[in-house]
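Because only heavy atoms are used, hydrogens play no part in the values below, and waters and symmetry mates are left out as well, while side chains stay in.
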Amino acid sequence: MASISLKKLNKTYGALTVVHDIDLEIADKEFIILVGPSGCGKSTTLRMIAGLEEISNGELVIGGDLVNEVPSKDRDIAMVFQNYALYPHMTVYKNMAFGLQLRKASREVIHRKVQEAAKILDITHLLNRKPKALSGGQRQRVALGRAMVRNPAVFLLDEPLSNLDAKLRGTMRAEITKLHKRLDATFIYVTHDQIEAMTMADRIVVMKDGHIQQVDTPQNLYDRPVNMFVAGFIGAPQMNMLPSTIERRGDGYAALFDGRELPLPAHFDKNRIEPYVGRELVIGIRPENLHELPPADIASENLAPFDAVVELAEPMGSEVHLNLTAGGRNLIARVSPRFKAKIGDGVKLVVDTTNMQLFDRETERSILY
């Protein structure tokens, strides 16, 4: 079993606390990703799990055992670093075998495990090369292979794809996901790239300033963010945030933004909305919910006209990102390549309010969940 429990985990450097009371339960064989902006404490948290950073306060339990004082080499973990950390004077084979040699494994066991890992990672033909003769993607496969041969219960990966180009990152994302399924081990992965997090994780831990903001599945993070930070961090382009006022409209409610009236869907909890009537809050609208034409599959009562001015059009191939201004606010819409608009044009769009988000202006917490 390689379940992991973090209980009130803290990391301080003198008077500076960089990780605050982290509580997190990671299931055996789960693929969990820590994500957040630079300096949020995600890599420090990973290094405490690895035993590379001392825990200031709290408890770390791996497989049911308290390991705060257990040396890194005895935690049954393997770590893959951002810079690969390969020995430049050794061949690929020797790099992968080195950890097993330190553990006094027999030559036969070492050879079998290196060959098995190399076959899985498709690097058998590279075993006699040295790291300088490899591409970035090949070096990353070697780093993964070196971790694999030890057969650890937990893999820790610290931004392993950040040095690769965009196309190779996409390929390696898929390879690491398949590797997780094949190895049947617990993976804890750190990245600042939300696309990696959304496409690879069973669950995502969103961090900010050393605090956990939300832990959930990728889809729930996208659909049900608990605060404005999570809503803005998850999703590309990021969610549009517009200050608005809530008003009653018959048996329902509407959000008013700069003279525009956006009806709130009937499925929203009225008990949560009623206290905000007449008050300012912030509404969140994802770019894909700003359309050039009313979608045929959306109920008309959840659609509202929305006028804006085009500041920039960014062709993305399958879609166009329109940078707009409305009511003195900047926002982004995702429209079809067939939608023609030039800088300075006034455009008439429609908002699908079905998945609109509502946030308390002061606390920045969602009022819907």
Side-chain angles (χ1 to χ4, degrees), residues 2 28-33 43 46-47 49-52 62 72-165 167-191 193 196 199-202:
D28 182 36
K29 302 175 184 177
E30 186 173 20
F31 195 139
I32 198 158
I33 292 186
S43 288
L46 192 77
R47 291 174 67 84
I49 296 172
L52 301 178
I62 299 179
S72 179
K73 64 183 178 64
D74 297 325
R75 293 190 182 187
D76 198 16
I77 56 140
M79 190 157 181
V80 179
F81 296 92
Q82 177 180 354
N83 62 357
Y84 319 130
L86 301 177
Y87 296 108
H89 63 288
M90 292 184 181
T91 64
V92 167
Y93 185 99
K94 290 183 177 179
N95 264 284
M96 293 173 64
F98 188 66
L100 293 176
Q101 290 172 343
L102 291 179
R103 288 166 174 76
K104 309 298 183 182
S106 69
R107 183 175 299 177
E108 293 75 17
V109 169
I110 291 172
H111 183 74
R112 174 173 55 81
K113 289 193 171 185
V114 170
Q115 291 292 340
E116 286 175 354
K119 183 177 180 181
I120 291 172
L121 295 166
D122 193 24
I123 55 173
T124 304
H125 61 295
L126 304 176
L127 289 176
N128 292 321
R129 295 188 189 180
K130 291 185 177 179
K132 66 181 180 180
L134 306 179
S135 68
Q138 290 169 336
R139 292 179 191 179
Q140 192 55 269
R141 289 173 189 268
V142 175
L144 286 167
R146 182 177 56 189
M148 285 171 57
V149 296
R150 292 175 47 199
N151 195 30
V154 182
F155 284 79
L156 307 179
L157 301 98
D158 191 5
E159 304 212 33
L161 308 184
S162 60
N163 289 335
L164 305 182
D165 62 61
K167 182 178 179 181
L168 192 52
R169 277 204 306 272
T171 301
M172 287 301 297
R173 282 201 304 267
E175 291 298 321
I176 291 174
T177 303
K178 288 189 285 187
L179 189 61
H180 169 252
K181 303 296 183 187
R182 184 163 186 169
L183 297 179
D184 225 17
T186 304
F187 275 42
I188 307 176
Y189 187 110
V190 160
T191 182
D193 186 333
E196 286 180 24
T199 55
M200 298 171 70
D202 295 325

Atom CZ in Arg146, atom CG in Leu100: separation rounded to 0.5 Å? 11.5 Å
Neighbour count >12 (heavy atoms, 6.0 Å) for atom CG, Asp74: yes
Please give me the minimum heavy-atom distance between Ile49 and Ile77, naming the atom from each residue. O-CD1, 4.4 Å
Let me see the working for Leu156 and Arg47 under side chain to side chain contact (heavy atoms under 4.5 Å, CB included), right down to the final yes or no. CA-CA 9 Å; Leu156 307 179; Arg47 291 174 67 84; over 6 Å; no
Within-4.5 Å side-chain heavy-atom neighbours: Asp76 and Ile62: no
Which atom names give the shortest non-hydrogen contact between Ala78 and Ala147, and what distance separates them? CB-CB, 3.7 Å
Quick one, Leu121 and Leu179 - any side-chain contact, counting heavy atoms below 4.5 Å? yes
Closest non-hydrogen contact found for Pro88 with Pro131 is O-CD, 3.8 Å
Between Val114 and Met96, what is the shortest heavy-atom contact and its length? O-CE, 3.8 Å
Value rounded to 0.5 Å, distance of CG in Leu86 from CZ in Phe98: 12.5 Å
Whether His180 side chain and Thr186 backbone form a donor-acceptor pair below 3.5 Å: no
side-chain hydrogen bond (donor to acceptor under 3.5 Å, both in side chains): pairs with one or both residues in residues 89-112, sequence neighbours excluded: Tyr93-His111
For Ile176 and Phe31: C-alpha separation, side-chain torsions, deciding distance, then whether side chain to side chain contact (heavy atoms under 4.5 Å, CB included) applies. CA-CA 10 Å; Ile176 291 174; Phe31 195 139; 4.1 Å; yes
Could you walk me through whether Lys73 and Leu102 pass the side chain to side chain contact (heavy atoms under 4.5 Å, CB included) test, one step at a time? CA-CA 11 Å; Lys73 64 183 178 64; Leu102 291 179; over 6 Å; no
Let me confirm one number: the NZ-CG distance from Lys29 to Leu183, rounded to the nearest 0.5 Å. 11.5 Å
So which atom in Asp28 and which in Ala2 form the shortest heavy-atom distance, rounded to 0.1 Å? OD1-N, 3.0 Å
Work out which heavy atom in Ser43 is nearest to a heavy atom in Asp158; give both atom names and the distance. OG-OD1, 3.0 Å
Test side-chain contact (heavy atoms from CB on, under 4.5 Å), reference Leu157, set Val190, Leu46, Leu144, output is Leu144
Taking C-beta and beyond as the side chain, do Arg129 and Val142 meet within less than 4.5 Å on heavy atoms? no
Approximate separation, where rounding is to 0.5 Å, of Lys113 NZ and Arg150 CZ: 10.5 Å
Keeping the roles fixed (side chain from Thr177, backbone from Met200), state whether a donor-acceptor pair exists under 3.5 Å. no
May I ask you to say whether Lys119 pairs ionically with Glu116, meaning some side-chain N is under 4.0 Å from a carboxylate O? no
Quick one: CZ on Arg169 to CG on Asn163, what's the gap to the nearest 0.5 Å? 10.0 Å
Rounded distance [0.5 Å steps], OH in Tyr189 versus CG in Leu161: 3.5 Å
Trace of the side chain to side chain contact (heavy atoms under 4.5 Å, CB included) decision for Gln115 with Leu127: CA-CA 9 Å; Gln115 291 292 340; Leu127 289 176; 3.6 Å; yes
How about Met79 and Leu52: do any of their side-chain heavy atoms sit closer than 4.5 Å? yes
Side-chain heavy atoms of Glu175 within contact of Arg141, under 4.5 Å: yes
